[in-house]
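Right, one structure below, let's go through it.
Numbers here simply count residues along the sequence, with the first being 1. Just so it is clear, the values below take in all heavy atoms, side chains as well, and ignore hydrogens, waters and symmetry mates.
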Amino acid sequence: MTKQKSLDSVKKAAKEAHEQASVLARALPYLRRYTGDTIVVKYGGHAMVDNGLSNAFGNDIALLKQVGINPIVVHGGGPQINAMLERMDVETTFVDGLRVTNAAIIDVIEMVLAGTVNKQVATLINQAGALAVGISGKDGGLIEAQKLMKHVWDDSIKRERTIDLGLVGQPVRIDPRVLYALSGSGLIPVVAPIGMDKQGQTYNINADIAAGAIAGAVRASRLFMLTDVPGVLDKGGNLISELTEEEAKEAIANGVITGGMIPKIETCLEAVKAGAQAAVIMDGRVPHACLLELFTEGGSGTIIRPNHS
């Protein structure tokens with residue numbers, strides 16, 4: 001029996017095919033630009049707990065690898081850690097968003113981050129058709145860490161005081177050889193932000209800070225910081241699409257950038273200073289945010305570049 005299609009259905013299919021071809025044609029120059037480059041993506045926030053967004057994220061990371069880009073994913077896991085600590089009836093406290101961590105808590109954090117969450121993120125990418133391998137910063141000596149001491153202003157004494165956060169660390173050295181080995185073998189590294197000092201002590205590291213340090217060490221073309229905000233906003237609530245290092249520092253000094261955005265900007269600045277070509281703070285609640293940033297003219301979020309760019 002001869003298959004027949006209405007003229008309207010043929011026209012609709014032709015229009016859809018034309019739109020798809022146009023999208024590919026517009027993306028081609030960007031594909032060429034980033035082929036062979038390394039992109040570090042900090043994955044967390046709403047994008048990590050929304051099933052639709054997390055599946056789209058896995059597909060996007062797999063696509064990047066398939067078109068010749070080398071993605072490295074560094075993930076958080078605060079809500080998952082909180083849930084496990086609640087199940088275990090363990091109380092925790094925070095100072096400026098950093099969890100005060102003792103020996104018992106660090107064991108739980110490592111179990112959740114380097115275990116459950118790490119494998120879940122790798123699985124998202126594997127299910128999308130790529131090959132992802134979950135590691136922690138302890139594997140291959142990737143992240144050498146040291147104890148982080150938090151300094152806060154105390155109005156009662158009119159000076160800064162130091163708060164001991166316990167086993168919270170900061171990177172002091174990144175050895176990217178394990179990342180190069182995985183990426184060079186066609187694999188996608190998925191990194192849990194756990195580090196270790198020279199004495200073998202394990203430290204919990206903020207995922208933003210870990211991603212920034214890794215992006216600088218591998219001289220990434222881009223550091224993508226997936227957040228729950230559109231990017232950096234001016235005082236009128238409008239998105240600032242681009243900042244140089246100097247402009248970002250001025251925006252902090254002038255009170256344009258405030259609150260929790262300041263440490264994210266500082267992380268981006270450190271990454272750029274250490275060797276990353278640029279860093280982007282973007283809205284992880286937008287589906288395919290990474291692809292929009294790389295493969296469209298307008299991009300998404302706020303890009304921070306070196307002063308000389």
Report task. Measure from the side-chain N and O atoms of Asn238 to the backbone N and O of Asp234, and report whether any donor-acceptor pair falls under 3.5 Å. Result -> no
Report task. State, with a plain yes or no, whether a side-chain heavy atom of Asp228 is found less than 4.5 Å away from one of Arg285. Result -> yes
**Report entry** By side-chain contact (heavy atoms from CB on, under 4.5 Å) - contacts of Glu91 (at least two apart)
**Finding:** none
Report summary line: In short, Ala207 meets Val74 closest at the heavy-atom pair O-CG1, 3.9 Å
**Report entry** Interatomic distance, Asn307 atom CG to Leu243 atom CG [nearest 0.5 angstrom]
**Finding:** 11.0 Å
Requested in this report: Please assess Leu294 against Phe224 for the test side-chain contact (heavy atoms from CB on, under 4.5 Å), listing each intermediate value before the final yes or no.
Outcome: CA-CA 10 Å; Leu294 282 178; Phe224 288 163; 3.7 Å; yes
**Report entry** Ile135 vs Leu179, side-chain contact (heavy atoms from CB on, under 4.5 Å): CA-CA, chis, key distance, verdict
**Finding:** CA-CA 10 Å; Ile135 62 174; Leu179 301 177; 4.1 Å; yes
Requested in this report: Using atom types as modelled and distance alone, determine if a side-chain donor or acceptor of Asn254 lies under 3.5 Å from a backbone N or O of Glu250.
Outcome: yes
Requested in this report: Could you tell me which non-hydrogen atom of Leu223 sits nearest to which non-hydrogen atom of Ala215, and how far apart they are?
Outcome: CB-CB, 3.9 Å
Query raised in the report: Under a 4.5 Å cut-off applied to non-hydrogen side-chain atoms, are Ile281 and Met261 in contact?
Result: yes
Report task. Please check if the side chain of Lys65 supplies one atom and the backbone of Gly186 the other of a donor-acceptor pair under 3.5 Å. Result -> no
Query raised in the report: Under a single-linkage definition using a 4.5 Å side-chain heavy-atom cutoff for Ile, Leu, Val, Met, Phe, Trp and Tyr, are Ile194 and Val172 assigned to the same hydrophobic cluster?
Result: no
Requested in this report: For Lys147, look at atom NZ and say whether over 12 heavy atoms of other residues, nucleotides or ligands are found less than 6.0 Å away.
Outcome: yes
Query raised in the report: Below 4.5 Å, heavy atoms only, C-beta onward: do Leu85 and Arg99 meet side chain to side chain?
Result: yes
Query raised in the report: So, do Val168 and Lys150 sit near enough that their side-chain heavy atoms are less than 4.5 Å apart?
Result: no
Query raised in the report: How close do Ala56 and His288 get, heavy atom to heavy atom, and via which atoms?
Result: CB-CE1, 3.9 Å
Report task. Go through Asp164 and Val100 one step at a time and tell me if the side-chain contact (heavy atoms from CB on, under 4.5 Å) criterion holds. Result -> CA-CA 8 Å; Asp164 188 347; Val100 178; over 6 Å; no
Report task. Look at Arg222 together with Asp37 and state whether they make a salt bridge at an N to O cut-off of under 4.0 Å. Result -> no
Query raised in the report: Can you check whether Gly166's main-chain N or O pairs, donor with acceptor, with Thr101's side chain at less than 3.5 Å?
Result: no
Report task. Kindly compute the distance separating CD1 (Ile72) from CD1 (Ile69), expressed to the nearest 0.5 Å. Result -> 13.0 Å
Query raised in the report: How does the hydrophobic cluster around Leu233 look, that is, which other residues are in it when side-chain heavy atoms under 4.5 Å mark a link?
Result: Leu239
Report summary line: Distance col, row Ile39:CD1 vs Gln277:CD, nearest 0.5 angstrom, shows 8.5 Å
Query raised in the report: Are any side-chain N or O atoms of Asp283 and backbone N or O atoms of Ala289, one a donor and one an acceptor, separated by less than 3.5 Å?
Result: no
Query raised in the report: If only atom types and distance count, is the side chain of Ser185 paired as donor or acceptor with the main-chain N or O of Ala181 below 3.5 Å?
Result: yes
Query raised in the report: Measuring from Glu110:CD to Ile105:CD1, what's the distance to the nearest 0.5 Å?
Result: 14.0 Å
Query raised in the report: Distance from Ile205 atom CD1 to Ile109 atom CD1, nearest 0.5 Å?
Result: 11.5 Å
Query raised in the report: Taking NZ, NE, NH1 and NH2 as the nitrogens, is one of them in Lys273 or Glu245 under 4.0 Å from a carboxylate oxygen of the other?
Result: no
Query raised in the report: How many angstroms lie between atom CG of Asp175 and atom CG of Asp139, to the nearest 0.5 angstrom?
Result: 12.0 Å
**Report entry** Minimum heavy-atom distance between Tyr180 and Ala217, given as atom pair plus value
**Finding:** OH-O, 3.9 Å
Query raised in the report: Leu63, Leu226: one ILVMFWY side-chain cluster at the under-4.5 Å cut-off?
Result: yes
**Report entry** Contact summary for Gly36 and Asn70, nearest pair of heavy atoms
**Finding:** O-ND2, 3.7 Å
Query raised in the report: In terms of hydrophobic clusters joined by side-chain contacts under 4.5 Å, are Val117 and Val41 together?
Result: yes
**Report entry** ILVMFWY cluster, Phe57 and Leu113 together (side-chain gap under 4.5 Å)
**Finding:** yes
Report task. State, with a plain yes or no, whether a side-chain heavy atom of Ile240 is found less than 4.5 Å away from one of Val256. Result -> yes
Requested in this report: Kindly indicate, with the supporting measurements, whether the criterion side-chain contact (heavy atoms from CB on, under 4.5 Å) is fulfilled by Ile61 and Tyr43.
Outcome: CA-CA 11 Å; Ile61 296 299; Tyr43 178 48; over 6 Å; no
Report task. Give a yes or no answer on whether the side chain of Thr227 reaches the backbone of Met282 with a donor-acceptor pair at less than 3.5 Å. Result -> yes
Report task. Decide yes or no for Asp107 and Met111: does some side-chain heavy atom of the first lie under 4.5 Å from some side-chain heavy atom of the second? Result -> no
Report summary line: Closest heavy-atom pair, Ile174 versus Ala213, reported as atoms and distance to 0.1 Å, is CG1-O, 3.8 Å
Query raised in the report: Are Val121 and Leu182 in one and the same hydrophobic cluster, where Ile, Leu, Val, Met, Phe, Trp and Tyr link if side-chain heavy atoms are under 4.5 Å apart?
Result: no
Query raised in the report: Is a side-chain N or O of Asn102 found less than 3.5 angstrom from the main chain of Ala104, in a donor-acceptor match?
Result: yes
Query raised in the report: Less than 4.5 Å apart, any side-chain heavy atom of Thr244 and any of Pro306?
Result: no
**Report entry** Heavy-atom side-chain proximity of Leu124 to Asn55 below 4.5 angstrom
**Finding:** yes
